[in-house]
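Taking it in order: structure first as structure tokens, then the write-up.
Nothing here was measured: the structure is a model prediction, and the numbers come from that model. Counting from 1, the numbers follow the sequence of the chain as shown.
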Amino acid sequence: MANFFLDNKDMQYHLKHPLMKKIVALKEKNFEEKDKCDYAPVDYEDAMDNYHRVLEIIGEICADVIAPNAEWVDKEGPRVENDRVIYAPGTVINHEALTKAGVYGISLPRKWGGLNFPIVPYVMSCELISRADAGFGNIWGLQDCAETLHEFASDEINDEYLPRIQHGDTCAMDLTEPDAGSDLQSVMLKAHWDEKQGTWLLNGVKRFITNGDADISLVLARSEEGTKDARGLSLFVYDKKHYAVKVRRIEHKLGIIGSPTCELVFTNAPAKLVGDRKMGLIRYVMALMNSARLGIGAQSTGISEAAYQEALKYAKEREQFGKPIIAFAPVAEMLTDMKAKVLASRAMLYETARFVDVYKAYYHLSKERKLEKAERDEMKEYNRLADAYTPLLKLFSSEYCNQITYDAIQIHGGSGYMKDYPVERLARDARITNIYEGTSQLQVVAAIKAVTTGVYLAKMKEYEADTYDAELGALHKMLVAMTAEYEEAVKYVTEREGNDGEYLDFHARRLVEMAGHIIIGYLLLRQASDCGCPCCDDYRISATVYIKAGNAKNKAHSEYIKSNSPEDMGMFKANE
């Protein structure tokens, strides 16, 4: 039987990362549930075995059920019937297979029927499912909504909603509106308290809502009358059983067709307040969006893996001029670059997920007891790193996803443009990844703070101080030189920055990309140094290819930055 987890040695490498010992100990609170729950692990090895077994189950379902259904789902798509969404038949089969396997809600605490897994194995499940079908990956990945409830909702709400996740209840986050896309502080869907019914009622329209007819929805709404900014927004949970929300239509999309993107009409829809009023966008949705961006990183990496595998298979089988096309240098080079980008995306994905795991574990622990000073400091540090790495991950993984699927079609030639091969669908699915949950441009806006505050630089220096294989010394020296070049470029821009911030904004993407090339380069260098398995040669090749390419790109960025002073910026405003 095929298995998308067992055939991915790189993913298994990341599951065994040294930081997992700390993550597991924090998540399991030193295995305090081993005598209370028969499926709770007794020690670290037992926990890791649990993760491996569950990911193996998901990997098998992905390979044998979800992936074979992907073309069918893409062709059929969902439909609206009597104001409700009807999934494509293949989507129903996928959902039932995972529900019967008991793997929904794997990151939720056991008290609500979850498996209490850390973020890392959960994110791995998102990558696996997205490799099989990116559209279905959205339906699976919206379990993040349950995590948001777990983090911020009352015990009463959690007791009502969270046990339903393991039984297959689906989720959605209803944020955007026709006049409020990325600018969520402009949301105007109204929430008002009804004294007679003793509940909040929601009225208005939401648009571009992924899986919009879900069983459980988190809704951003304006609870404070007379406000127009973020301070007037609160977060609510809505239950589909009230049937007070109608699906006006499903958007006709380029890709991820199996995932219904809906326009919704709320009419006196009963809802419950999550957390405190006025904190909906400022705190809760920002946390939800960070989780969603981590999920898009997993989705992008899954699509990239699928496209690379399809291209590799085709290049080995397709013969031209008497030999397989993989024997031709231009094709071989493309595949090598594609693989390096897949490994780069995955390295960044799980480094970020580990930072999130440690921070989240301490956060939940802080709700049970007062943290010690060292624990509080560590929580703040990992929170800071998670906030810095998440936009970098979203930016790089989604851009690489689009590049890899583009190249996969190119390797297929004219055949790749036809619907006879999966790469056509993968390229369509990939296109959304650098748009939704914040475009690449918005990720740069989020990431530039870590450039100017020195968060990225400090982490580069930390990576620089690690010990690497002596044979890789030239690559290490290259990364050290790239770091110095990056530091100089940041200094050059910030010293010339005016009060309006335009010069920094203009060069922001170049500076962020320079940081990303260095950070990912170090992550790949670390893998190449300490892997200790047969895939090390692959890691060494990918690290070499990626770091050398990143070095060339950084030099180009550095030269361009120095060639454009603040006085030259007028030429770039010609289209205003």
Table please: side-chain donor-acceptor pairs of residues 141-148 below 3.5 Å, with sequence neighbours left out.
residue	atom	partner	partner atom	Å
Q143	OE1	G105	N	2.6
Q143	NE2	W140	O	3.1
D144	OD1	Y122	OH	3.3
E147	OE2	S107	OG	2.5
T148	OG1	D144	O	3.2

Result block: side-chain N/O donor-acceptor pairs under 3.5 angstrom for residues 404-411, not counting sequence neighbours:
residue	atom	partner	partner atom	Å
T405	OG1	C401	O	3.0
T405	OG1	N402	O	3.1

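For the pair I541 and T336, the minimum side-chain heavy-atom distance is below 4.5 Å. In this structure, K553 and M514 have side chains that are not in contact, with every pair of non-hydrogen atoms separated by 4.5 Å or more. Side chains of Y463 and L523 form a contact here, defined as non-hydrogen atoms less than 4.5 Å apart. Between L128 and I66, the closest side-chain pair of non-hydrogen atoms is not below 4.5 Å. In this structure, the side chains of I93 and N69 come closer than 4.5 Å at one or more pairs of heavy atoms. Side-chain contact check for L349 versus L294: some heavy-atom pair is nearer than 4.5 Å. Within the 4.5 Å cutoff, the side chain of N8 has heavy atoms near those of the E127 side chain. Looking at T301 and Y400, their side chains never come closer than 4.5 Å, going by heavy atoms from C-beta outward.
Side-chain N or O atoms of Q299 include one that pairs as donor or acceptor with a backbone N or O of A134 at under 3.5 Å. K253 places no side-chain N or O within donor-acceptor distance of the main-chain N or O of G258, the cut-off being under 3.5 Å. At least one donor-acceptor pair closer than 3.5 Å links the side chain of T433 to the backbone N or O of A430. Between the side chain of R318 and the backbone N or O of H412 there is no donor-acceptor pair closer than 3.5 Å. Proximity of a side-chain donor or acceptor of N383 to a complementary backbone N or O of M379 within less than 3.5 Å is not detected. In this structure, N116 contributes its side chain and A40 its backbone to no donor-acceptor pair below 3.5 Å. The main-chain N or O of L6 is found under 3.5 Å from a side-chain atom of Q12 such that the two form a donor-acceptor pair. In this structure, the side chain of D133 does not engage the main chain of A70 through any donor-acceptor pair within 3.5 Å.
Ring centroids of Y362 and Y382 are separated by 6.0 Å or more, keeping the two rings apart. Annotation: Y13 is in aromatic contact with Y539 [ring centroid separation under 6.0 Å].
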Trace of the salt bridge (Lys or Arg N to Asp or Glu O under 4.0 Å) decision for R384 with E381
CA-CA 5 Å; R384 190 166 64 104; E381 175 62 14; 2.6 Å; yes
Let's go through L511 and I561 carefully: what are the C-alpha distance in whole Å and the side-chain angles of both, what is the deciding distance for side-chain contact (heavy atoms from CB on, under 4.5 Å) to 0.1 Å, and is it a yes or a no?
CA-CA 9 Å; L511 295 174; I561 287 170; 3.7 Å; yes
Apply the test side-chain contact (heavy atoms from CB on, under 4.5 Å) to residues Y456 and V490: give CA-CA distance (whole Å), side-chain angles for both, the deciding distance (0.1 Å), then the verdict.
CA-CA 11 Å; Y456 291 146; V490 173; over 6 Å; no
Any chance you could lay out the side-chain contact (heavy atoms from CB on, under 4.5 Å) test for E487 and K461, step after step, and finish with the verdict?
CA-CA 11 Å; E487 194 171 4; K461 296 292 187 181; 4.0 Å; yes
Could you please spell out the steps behind the side-chain contact (heavy atoms from CB on, under 4.5 Å) verdict for Y492 and H507?
CA-CA 11 Å; Y492 182 91; H507 286 304; 6.0 Å; no
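Comment: R110 engages E33 in a salt bridge, judged by a side-chain N to carboxylate O separation of less than 4.0 angstrom. A salt bridge links R346 with D10; the closest basic N to acidic carboxylate O contact falls under 4.0 Å. A salt bridge is defined here as a Lys NZ or Arg NE, NH1 or NH2 lying under 4.0 Å from an Asp or Glu carboxylate O, and K9 with D538 fails to meet this definition. Between K34 and E28, none of the side-chain N atoms (NZ, or NE/NH1/NH2) sits under 4.0 Å from a carboxylate O, so this pair counts as no salt bridge. For the pair E351 and R526, the salt-bridge criterion is met [side-chain N within less than 4.0 Å of a carboxylate O]. Using a 4.0 Å cut-off between a side-chain N of Lys or Arg and a carboxylate O of Asp or Glu, K562 and E559 do not qualify as a salt bridge. Taking a cutoff of 4.0 Å between a charged side-chain nitrogen and a carboxylate oxygen, K341 and E399 do not qualify as a salt bridge. K459 and E462 are joined by a salt bridge, as a carboxylate oxygen and a charged side-chain nitrogen come within less than 4.0 angstrom of each other. Salt bridge K22/E378: present, at least one basic N to carboxylate O contact under 4.0 Å.
What you find for L475 and L525 is that their closest heavy atoms are CB-CD1, 4.0 Å. The shortest heavy-atom contact between K449 and T453 is O-OG1, 2.7 Å. Between S529 and L472 the shortest heavy-atom distance is OG-CD1, 3.4 Å. Across all their heavy atoms, C171 and I165 have their closest contact at SG-CD1, 3.6 Å. The heavy-atom pair separating M338 from A307 by the smallest distance is CE-O, 4.2 Å. The two residues A315 and L335 have their closest heavy-atom pair at CB-CD1, 3.8 Å.
Distance check: E485 CD to M478 CE gives 11.0 Å after rounding to the nearest 0.5 Å. Residue F136 holds its CZ atom at 5.0 Å from CG of N94, rounded to the nearest 0.5 Å. Rounded to the nearest 0.5 Å, atoms OH (Y436) and NZ (K394) are 8.0 Å apart. To the nearest 0.5 Å, the span separating CG on L26 from CD on E375 amounts to 8.0 Å. Put simply, CG on L393 and CG on N290 are 10.5 Å apart, with the number rounded to the nearest 0.5 Å.
Heavy atoms of other residues, nucleotides or ligands lying less than 6.0 angstrom from CD of E464 number more than 12. More than 12 heavy atoms of other shown residues, nucleotides or ligands fall within 6.0 angstrom of atom CD in E317. Atom NZ of K548 sits in a sparse spot, with 12 or fewer heavy atoms from other residues, nucleotides or ligands closer than 6.0 Å. Environment of CZ in F328: crowded, with over 12 heavy atoms of neighbouring residues, nucleotides or ligands closer than 6.0 Å.
By the 6.0 Å and 45° rule, K323 does not stack over the aromatic ring of F321.
Side-chain contact annotation: Q309 with E305, donor-acceptor N/O pair under 3.5 Å present. H95 and Y104 form a side-chain donor-acceptor contact under 3.5 Å, judged by distance and modelled atom types alone. Side-chain atoms of Q443 and N434 form no donor-acceptor pair, as typed in the model, at a separation below 3.5 Å.
Note on ring orientation: taking the six-membered ring where Trp is involved, the planes of Y359 and Y363 are tilted (angle from 30° to 60°). Ring orientation note: the planes of Y546 and H517 are nearly perpendicular, at an angle over 60° on the 30°/60° scale. In this pair, H476 and Y468 present their aromatic rings tilted. The plane angle is within the 30 to 60° band. By the 30° and 60° cut-offs, the orientation of the rings of H14 relative to Y350 is tilted.
With sequence neighbours excluded, the residues that form a side chain to side chain donor-acceptor pair (under 3.5 Å) with K419 are E424.
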